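What follows is a single structure, written as structure tokens, with notes after it.
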Amino acid sequence: MKPAQRTHQIEPFYVMEVAKRAAEIEHSLLASDPAMIHLTLGEPDFTAPERVQQAAIAAIRQGKTQYTAALGLEQLRERISDWYTTRFKLKVPKERIVITAGASAALQLICSALIEEGDEVMMPDPCYPCNRHFVTSVGGIASLIPTTAAERFQLSQQKVAAHWQDNTKGVLIASPSNPTGTSIVPQELAAIHQFVKSKKGFTIVDELYLGLSYNAEFGQSALALDDDIISINSFSKYFSMTGWRLGWMVVPERLVRTIEKLAQNFFICPSAISQYAGIACFEQESLEEYEQRRAEYRRRRDWVIPALNELGLNVPVMPDGAFYAWVDCQAWSEALKLPSSWEFAFEIMQRCHVAITPGRDFGNADTDRFVRFSTSNSLDNLQIAVERLAKLKLQLFR
Ligand SMILES: Cc1ncc(COP(=O)(O)O)c(C=O)c1O
């Protein structure tokens with residue numbers, strides 16, 4: 001038995017190596033040692049609100065645990081449609097909303113639906129590591145286009161046009177992005193989409209962090225631009241439900257039947273229990289709680305980004321969403337005589353007991369000089385992490 005050829009292109013998730021090492025160090029710590037502060041995983045430090053938990057419990061108790069329709073519960077699709085109306089002033093009919101097992105299943109479905117063997121899909125470098133693997137796992141080719149801070153680490157129309165090949169079929173953009181927390185300028189996205197459309201290609205925008213947007217300029221959904229844009233979304237981040245495996249996507253009407261067939265075959269349906277809980281996310285009290293959480297994420301960002309800049313751990317673009325800081329650690333790596341951000345991350349973990357993710361996971365463009373801090377941790381912990389780094393800085397840059 002040997003694994004299929006295409007699996008060789010799928011790289012490991014390097015952050016797991018970091019998490020493993022962090023756990024090893026943690027096990028060897030004495031009670032008097034400072035505890036490890038985990039700033040690696042892109043996961044909310046909040047759980048689902050009480051009301052949402054109760055909705056899941058009620059679904060179990062009432063036996064609402066059978067398969068649902070492959071496209072998801074009508075009621076949940078309706079609630080999401082209403083949310084687009086109230087939050088984004090957009091008309092998104094429920095018929096175009098497909099409920100999935102997280103954004104991951106949505107990405108897998110849409111890649112299976114649109115990509116032929118040998119088709120190329122463009123994405124910015126750096127980007128969410130799994131994106132390239134969703135594309136390659138269906139026989140496509142991920143084309144990572146290096147981006148710069150001046151471009152907010154996003155694609156531009158100019159770059160998309162310059163790199164477009166005969167076999168290019170579309171673009172996949174996350175806005176706000178993981179690992180940078182930066183969004184694409186709406187006019188740039190509109191120009192990219194227009195170009196892609198002129199080539200009869202597809203535009204997929206992963207909007208899983210859109211709920212956690214801190215700047216009105218970037219707070220609108222890409223769906224406002226055109227019904228042909230495919231929008232990916234999730235309950236994982238804004239709705240604090242990573243392990244519940246629930247998400248959705250909005251697709252053009254003519255794609256719904258294809259997606260439905262694939263979803264029936266791949267997954268039968270998303271978790272019924274999570275879907276019933278998902279309905280409770282849109283109750284007024286839940287939405288208010290989520291908005292308080294968004295304010296808290298923003299408060300953390302507002303404190304930690306200037307603090308990192310102050311330390312010479314430069315964040316070249318202020319994140320406008322999500323809970324990440326994409327940090328240039330080159331000066332520190334040099335001071336520590338380390339070849340790259342990979343070694344830097346392990347050194348910081350060892351010396352400061354602060355776990356962060358090396359840039360390597362997210363692509364090739366300058367990723368050896370960047371690390372990602374996940375700021376989804378309490379402000380107290382973020383402040384302790386910065387204090388420890390400040391102490392190390394005093395030793396390094398005397
Ligand atoms: C940009 C991006 N897309 C998709 C995902 C997958 O999310 P989900 O938990 O909804 O499958 C993540 C998870 O971190 C992400 O950062």
Side-chain angles (χ1 to χ4, degrees), residues 10 13-16 18-19 38-48 72 76 80 97-112 121 123-135 137 142 144 147 152-155 171-184 189 203-213 218 221-222 230-250 263 266-267 270-271 274-275 277-278 281 290 297 319-326 357 359 361-363 372-377:
I10 303 206
F13 217 170
Y14 293 114
V15 66
M16 294 306 181
V18 182
H38 293 274
L39 307 179
T40 44
L41 290 183
E43 178 153 62
D45 53 327
F46 299 104
T47 60
L76 180 57
I80 294 172
I97 297 170
V98 180
I99 312 297
T100 57
S104 304
L107 285 160
Q108 189 187 339
L109 283 167
I110 200 67
C111 287
S112 303
V121 180
M123 52 192 82
D125 186 346
C127 71
Y128 176 57
C130 306
N131 284 350
R132 53 187 191 270
H133 301 137
F134 286 123
V135 171
S137 69
L144 269 75
T147 60
R152 309 180 53 73
F153 301 108
Q154 291 283 1
L155 293 179
V171 294
L172 170 48
I173 290 165
S175 182
S177 143
N178 174 7
T180 63
T182 56
S183 295
I184 189 162
L189 179 60
T203 306
I204 304 172
V205 186
D206 181 345
E207 302 194 303
L208 132 141
Y209 295 105
L210 183 64
L212 294 175
S213 178
F218 300 111
S221 166
I230 292 148
S231 168
I232 308 290
N233 218 311
S234 177
F235 286 82
S236 287
K237 312 292 167 151
Y238 178 64
F239 298 99
S240 322
M241 292 171 75
T242 43
W244 297 63
R245 308 315 300 133
L246 193 64
W248 77 88
M249 66 179 150
V250 180
F266 289 4
F267 307 110
S271 152
S274 298
Q275 290 189 72
C281 292
Y290 289 128
Y297 286 123
D320 57 80
F323 35 62
Y324 301 117
W326 186 236
T357 308
D361 254 336
F362 305 99
R372 187 192 74 176
F373 282 63
S374 168
T375 56
S376 172
N377 205 322

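Residues: numbered from 1 along the sequence shown. Note that this is a predicted model, so its numbers are computed, not measured. Note that ligands are numbered from 1 as they come in the structure, with each ligand's atoms numbered from 1 the same way.
- In this view, Ser274 and Ser271 satisfy the side-chain hydrogen bond (donor to acceptor under 3.5 Å, both in side chains) rule, not counting sequence neighbours.
- You'll find the ring centres of Tyr297 and Phe46 inside the 6.0 Å limit.
- Note on residues 123-135: pairs passing salt bridge (Lys or Arg N to Asp or Glu O under 4.0 Å), not counting sequence neighbours, are Glu11-Arg132.
- For Phe267, the ring pair (Phe, Tyr, Trp, His ring centres under 6.0 Å) test picks out no residue, with sequence neighbours left out.
- A ring pair (Phe, Tyr, Trp, His ring centres under 6.0 Å) with Phe239 is found for one member of Tyr290, Trp244, Tyr209 and no other, namely Tyr290.
- The aromatic ring centres of Phe362 and Trp326 sit less than 6.0 Å apart.
- Closer than 4.0 angstrom to ligand 1 by heavy atom are Gly102, Ala103, Ser104, Tyr128, Asn178, Asp206, Leu208, Tyr209, Ser234, Ser236, Lys237, Arg245, sorted by chain and number.
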